[in-house]
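Order of the sequence lines fixes the chain letters, A, B, ..., with proteins taken first and strands second; residue numbering starts at 1 for each chain.
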2 protein chains.
Amino acid sequence: MLQKSALILESFLPGGGPFRLSELVERTGLAKPTAHRLTADLVRLGWLERSGPYYRLGAKLFELGSLVPGRRDLRETALPFLQDLFEATHETVHLGVREGLEVVYLERIHGHDSPWLPSRIGGSLPLTCTGVGKALLAFSGAELTEEVLSHPLPSLTPYSITDPEQLRTALEKTQVSGLAYEEREAAEDVSCIAAPVFAGGTAVAALSVAVPRARYRPAQLAPAVRTAALGLSRLLRGGV
Amino acid sequence: MLQKSALILESFLPGGGPFRLSELVERTGLAKPTAHRLTADLVRLGWLERSGPYYRLGAKLFELGSLVPGRRDLRETALPFLQDLFEATHETVHLGVREGLEVVYLERIHGHDSPWLPSRIGGSLPLTCTGVGKALLAFSGAELTEEVLSHPLPSLTPYSITDPEQLRTALEKTQVSGLAYEEREAAEDVSCIAAPVFAGGTAVAALSVAVPRARYRPAQLAPAVRTAALGLSRLLRGGV
DNA sequence: CTCGTTGTTCCGTGTCACGGAACAACTTTT
DNA sequence: AAAAGTTGTTCCGTGACACGGAACAACGAG
């Protein structure tokens, strides 16, 4: 019953978009009367909202989700540094953490003319084809790298790195320079520079700037990204 | 069962802080074995997390909450304007919507030296003693104003307006000027200027700048707030 | 009007949620 | 160190209520 409700709510996860009852039945595998009863209960609790025949995630979830302590606190302390970085570059700025073999974005700030990107707050993407992901992966220990390399590498664009050796050398460069680069691997025509954030010796997060290729000037961006990441690391009582 | 799980999760709502099982039993009124079983289930689903004897809200809720469509879309389109406003003022910027007789904050961005404020993303505060709340209230129809005034007015500080007539005239001024002012009503030593955001003729949100009294220069802030609110309104195909 | 699809209600069956009670693991007190 | 609380966990018999097949109702398209 709880499990089935979770099934319903999590069936919204990739896009969140509105679904009809029959679509929910299809994607959860629940029986029709069961889904009907559960959605009614969830609406009553404010976890789902219903307009006409369509169900969407409810406001109560937004409130609960905003309170999740780890995420909220990290975002809160990182925000001023993300603002600095945005102000220095006026490009899309990300903050993400690792969760398993993926990166979850905690914050993404952008201005009026930002390019399309697959990243969404609360959404996850592969570690291997995002700047934030690479920065995290490079500083999360050799075992994790090996585990990631042991699976076939996912790709978001035709340019995503799929060759394990190529990724391995990229990670080694990142370990030396403290910066991760990503070019057109997450979105066509967007490149990205990322840097890890340390607390207590381990990489707890990473932040990045994503730029349309036409405006991509790594020499200008790299110092800004590094500065923001170091400033945040210092505040988290970390240090490399 | 679902209802009881909701009771547990929502018992985290004001602060989100970690709770032990016995505290959860106390604040939900559930029987001890019931709470024990439900928390175990919720942990299994990723909706709660447990470290030692303490329970916290889980990461899955953050992911679900970030997808809630109304909130996500509005935040996303508003963000560039909030950035503009922040860059123009370098003070704490809010975006909020009305929910019942309270304001819920969708976004709050700030820099390094921001003052303490009671507002939190996903959190709610009274309409009557916040800038965003007043801006929303002033443009949400007379019936709502009457309903708010019919209850005793809550206060967050000794300076919060508690006199109905005083509030009424403040709202009338806001209706004329399109700007809501708040001085030390939400936090001691912080003042705030807010403006409503319109879409399709109704106020769907409001944004504000909150400033420590020492730096409070209304003449500079007001145009910036108005500009951001109007720009956002225009994008939402609204217009006053 | 007819027919496919989708949403809702009914209801008998069987499961599993419920919570009192007893037990176990800690923490504090004397 | 023993005793007396406090908190977390397990057991288990009872009974409520979740379950889903089936039948019905409300659409929407042709």
| query | Taking atom CG of A:Leu64 and atom CH2 of B:Trp47, what is their separation to the nearest 0.5 Å? | reply | 9.5 Å

| What residue pairs, at least two apart or across chains, pass side-chain hydrogen bond (donor to acceptor under 3.5 Å, both in side chains) with a residue in residues 137-156 of chain A? | A:Glu146-A:Arg168

| field | Salt-bridge criterion met for A:Glu49 and A:Arg44 (N-O under 4.0 Å) | value | no

| request: Using whole Å, report how far CD of A:Gln3 lies from C1' of C:dT15. | output: 15 Å

| message | What is the distance, to the nearest angstrom, from the CG atom on A:Leu21 to the C1' atom on C:dT5? | response | 12 Å

| Separation of C:dT5 P from A:Glu26 CD (nearest whole Å) | 13 Å

| remark: chain A vs DNA chain D, heavy-atom contacts under 4.0 Å, first-to-last nucleotide span, 5' to 3', is D:dA18 to D:dA22

| Sequence-distant partners of B:Arg50, side chain to side chain donor-acceptor pair (under 3.5 Å), two or more places apart | B:Tyr55

| remark: The correct set of residues in residues 28-47 of chain A placing a heavy atom under 4.0 Å from DNA chain D is A:Ala31, A:Pro33, A:Thr34, A:Arg37

| Separation of B:Tyr54 atom OH from C:dC26 atom C1', in whole Å? | 13 Å

| Quick one: side chain to side chain donor-acceptor pair (under 3.5 Å) partners of A:Thr28, sequence neighbours excluded? | none

| query | For A:Phe19, which residues count as a ring-ring contact (aromatic ring centres under 6.0 Å, His included) partner, sequence neighbours excluded? | reply | A:Phe12

| field | Pair B:His110, A:Gln83: side-chain N/O donor-acceptor within cut-off below 3.5 Å | value | no

| query | Is B:Glu185 salt-bridged to B:Lys134, cutoff N-O under 4.0 Å? | reply | yes

